[in-house]
*Asks:* 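Pasting a structure here, questions to come.
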Amino acid sequence: MRTVRLRSGQAVPQLGLGTWRLGERSRDRAGEVAAVRFALDIGYRLIDTAEMYGDGGAEEVVGAALRDAIEAGDLVREDVTIVSKVVPSNASRRGTLAACERSLKRLGVDAIDIYLLHWRGSQPLGDTVAAFEELRERGKIAHWGVSNFDVADLEQLHALDAGGQCTVNQVYYSASERGIEFDLLPWQRKRQMPIIAYCPIDQGALAADATFATIGRRRSATAAQVALAWVMRHPDAIAIPKASNEVHLQENLRAASIKLDAAELAAIDAHFTPPKRKRQLAMT
Ligand SMILES: NC(=O)c1ccc[n+]([C@@H]2O[C@H](COP(=O)([O-])OP(=O)(O)OC[C@H]3O[C@@H](n4cnc5c(N)ncnc54)[C@H](OP(=O)(O)O)[C@@H]3O)[C@@H](O)[C@H]2O)c1
């Protein structure tokens, strides 16, 4: 598995597993735990979740699968990078500390590897950062970052004491939503701040895209794999496709070994035009 290096020097997998829409219905719980367990079995080592997903249910699903894998002796906690997020309405200083404790409990772990502010809300950013720093000092999180922050938000963040400790920004990034290439990606690159690309298959839509399918056919790959390889052509972009289907989980993991050539990238650019001016940050 290719890795992305964080500013701290730590290497994290370039491809992880998304968990949005897991943990929403109790009747689906066993199947979802089995899917995450299967993902761990075949080699996924980064999982993205959030307190918001399934109102804590997704973190419980991840926790159950992780516990099972550890108890079976298939891996140790340190093998897996866990990303989770606090919702803005909880992101006051005390609220963030309490939300993190609840997430740790649901995940069944002592620490979260990368803890993010899910999007910018009305709580003062300085209070959230102070809480993140306290959590880091107490060993409850290893790194912190943000999500859905555009350049202006990141500049305000960086102006704060400890704002420079922000490790990653998780944003919508796929061939069909590539506005960040104009300004956000270069801004982050200058500061060695990788992106975590969410919706890298555009919520499944790119799996049916004709341009990606044509490139894929020549390589015995699927359109979804090419869409993921396209995101991962950036050495500082981590892709977190969500998949519950075992075939999809396997396919997506293998996408990390595809390197697109110049002609293939040009064909993709012809279909999904690179941004020539500032575009509003896409969000789901
Ligand atoms: N920070 C934020 O605000 C934010 C917002 C949105 C998402 N996220 C995170 O990013 C993750 C990924 O985003 P997403 O789930 O919205 O979209 P996505 O990963 O682009 O697409 C997921 C959809 O694609 C399908 N799929 C996956 N692999 C496939 C394959 N190889 N072939 C065909 N279809 C495939 C999945 O189906 P199956 O499930 O049937 O396999 C699912 O319907 C989320 O799960 C979440 O962890 C974060």
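All ligand and atom numbering here is 1-based and tracks the order in the structure.
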*Asks:* Is Tyr53 near ligand 1, meaning one of its heavy atoms is under 4.0 Å from it?
*Replies:* yes
*Asks:* Any non-hydrogen atom of Thr19 lying under 4.0 Å from ligand 1?
*Replies:* yes
*Asks:* What atoms of ligand 1 come closer than 4.0 angstrom to any heavy atom of His118?
*Replies:* 1 (N), 2 (C), 3 (O)
*Asks:* Please say whether Pro241 places an N or O atom under 3.5 Å from an N or O atom belonging to ligand 1.
*Replies:* no
*Asks:* Hey, any chance Leu249 and Leu40 share a hydrophobic cluster, counting ILVMFWY side chains that come within less than 4.5 Å of each other, even indirectly?
*Replies:* yes
*Asks:* Fit a plane to each ring of Tyr173 and His234, take the angle between them on a 0 to 90° scale, and name the class: parallel (under 30°), tilted (30 to 60°) or perpendicular (over 60°).
*Replies:* tilted
*Asks:* Looking only at heavy atoms, which two atoms of Ala99 and Val86 are closest? And how far apart?
*Replies:* CB-CG2, 3.8 Å
*Asks:* Tell me which part of Asp202 gets within contact of ligand 1: side chain, backbone, both or neither, using heavy atoms under 4.0 Å.
*Replies:* backbone
*Asks:* Quick one: which ligand 1 atoms are inside 4.0 Å of a heavy atom on Gly204?
*Replies:* 21 (O), 23 (C), 24 (O)
*Asks:* Provide, to 0.1 Å, the distance between atom 45 (O) of ligand 1 and the closest protein heavy atom, together with that atom's residue and name.
*Replies:* Trp20 N, 2.9 Å
*Asks:* Just to check, does Arg21 reach to within less than 4.0 Å of ligand 1 when the distance is taken from its heavy atoms?
*Replies:* no
*Asks:* Does some side-chain heavy atom of Val33 sit less than 4.5 Å from a side-chain heavy atom of Glu60?
*Replies:* no
*Asks:* Is it the side chain (CB and beyond), the backbone, both or neither of Thr284 that lies under 4.0 Å from ligand 1, heavy atoms counted?
*Replies:* side chain
*Asks:* Is ligand 1 under 4.0 Å from a heavy atom in the side chain of Ala243, in the backbone, in both, or in neither?
*Replies:* both
*Asks:* Counting non-hydrogen protein atoms only, what is the nearest one to atom 14 (P) of ligand 1? Give residue, atom name and distance.
*Replies:* Cys199 SG, 4.0 Å
*Asks:* Where is the nearest protein heavy atom to atom 34 (N) of ligand 1: which residue, which atom, and how far?
*Replies:* His248 CE1, 3.4 Å
*Asks:* What do you reckon, are the aromatic ring centroids of His118 and Tyr53 less than 6.0 Å apart?
*Replies:* yes
*Asks:* Measure the shortest side-chain to side-chain distance between Thr284 and Tyr198 over non-hydrogen atoms and say whether it is less than 4.5 angstrom.
*Replies:* yes
*Asks:* Between Thr222, Val226, Ile201, which is the residue that forms a side-chain contact (heavy atoms from CB on, under 4.5 Å) with Phe212?
*Replies:* Val226
*Asks:* Could you tell me whether the side chains of Asn169 and Gln188 share a donor-acceptor contact shorter than 3.5 Å?
*Replies:* yes
*Asks:* For ligand 1, indicate whether the residue Glu251 contacts it via side chain, backbone, both or neither (heavy-atom separation under 4.0 Å).
*Replies:* side chain
*Asks:* Taking non-hydrogen atoms only, is Ser147 closer than 4.0 angstrom to ligand 1 via side chain, backbone, both or neither?
*Replies:* side chain
*Asks:* Name the residue from Leu157, Leu116, Leu160 that meets the side-chain contact (heavy atoms from CB on, under 4.5 Å) definition with Cys166.
*Replies:* Leu157
*Asks:* Quick one: nearest non-hydrogen protein atom to atom 7 (C) of ligand 1, plus distance?
*Replies:* Tyr198 CD1, 3.6 Å
*Asks:* Using a 4.0 Å cut-off to any heavy atom of Ala224, which atoms of ligand 1 qualify?
*Replies:* 30 (C), 31 (N), 32 (N)
*Asks:* Write down the atom of Ala130, the atom of Arg93, and the distance for their closest heavy-atom approach.
*Replies:* CB-NH1, 3.4 Å
*Asks:* Got the closest protein heavy atom to atom 3 (O) of ligand 1, with its distance?
*Replies:* Asn148 ND2, 2.9 Å
*Asks:* Numbering the atoms of ligand 1 from 1, which are under 4.0 Å from a heavy atom of Asn245?
*Replies:* 41 (O)
*Asks:* Could you point out which residue of Leu46, Thr19, Thr49, Ile112 forms a side-chain contact (heavy atoms from CB on, under 4.5 Å) with Val83?
*Replies:* Leu46
*Asks:* Considering only non-hydrogen protein atoms, determine which one is nearest to atom 40 (O) of ligand 1 and report residue, atom name and distance to 0.1 Å.
*Replies:* Ser244 OG, 3.6 Å
*Asks:* Using a strict 4.0 Å cut-off to heavy atoms of Gln170, name the atoms of ligand 1 that fall inside it.
*Replies:* 1 (N), 2 (C), 4 (C), 8 (N), 9 (C), 48 (C)
*Asks:* If we only count heavy atoms from C-beta on, is the His248 to Lys242 side-chain gap below 4.5 Å?
*Replies:* no
*Asks:* Give yes if a backbone or side-chain nitrogen or oxygen of Ala207 is under 3.5 Å from a nitrogen or oxygen of ligand 1, and no if not.
*Replies:* no
*Asks:* Taking the side chain as C-beta and beyond, is there a heavy-atom pair between Ile180 and Glu177 under 4.5 Å?
*Replies:* no
*Asks:* Around atom 15 (O) of ligand 1, find the nearest protein heavy atom and jot down its residue, atom name and distance.
*Replies:* Lys242 CB, 3.1 Å
*Asks:* Under 4.0 Å, heavy-atom basis, I'd like to know which part of Ser174 is in contact with ligand 1: side chain, backbone, both or neither.
*Replies:* neither
*Asks:* Tell me: protein heavy atom nearest atom 11 (C) of ligand 1, and distance?
*Replies:* Ile240 O, 3.2 Å
*Asks:* Between the side chains of Asp202 and Ser176, does any donor sit under 3.5 Å from an acceptor?
*Replies:* yes
*Asks:* Taking 4.0 Å as the limit for heavy-atom contacts, which would you say applies to Gln225 with ligand 1: side chain only, backbone only, both, or neither?
*Replies:* neither
*Asks:* Using a strict cut-off of less than 4.0 Å between a Lys/Arg side-chain nitrogen and an Asp/Glu carboxylate oxygen, indicate whether Arg106 and Asp55 qualify as a salt bridge.
*Replies:* no
*Asks:* Give the atoms of ligand 1, by number and element, whose distance to some non-hydrogen atom of Lys85 is under 4.0 Å.
*Replies:* 1 (N)
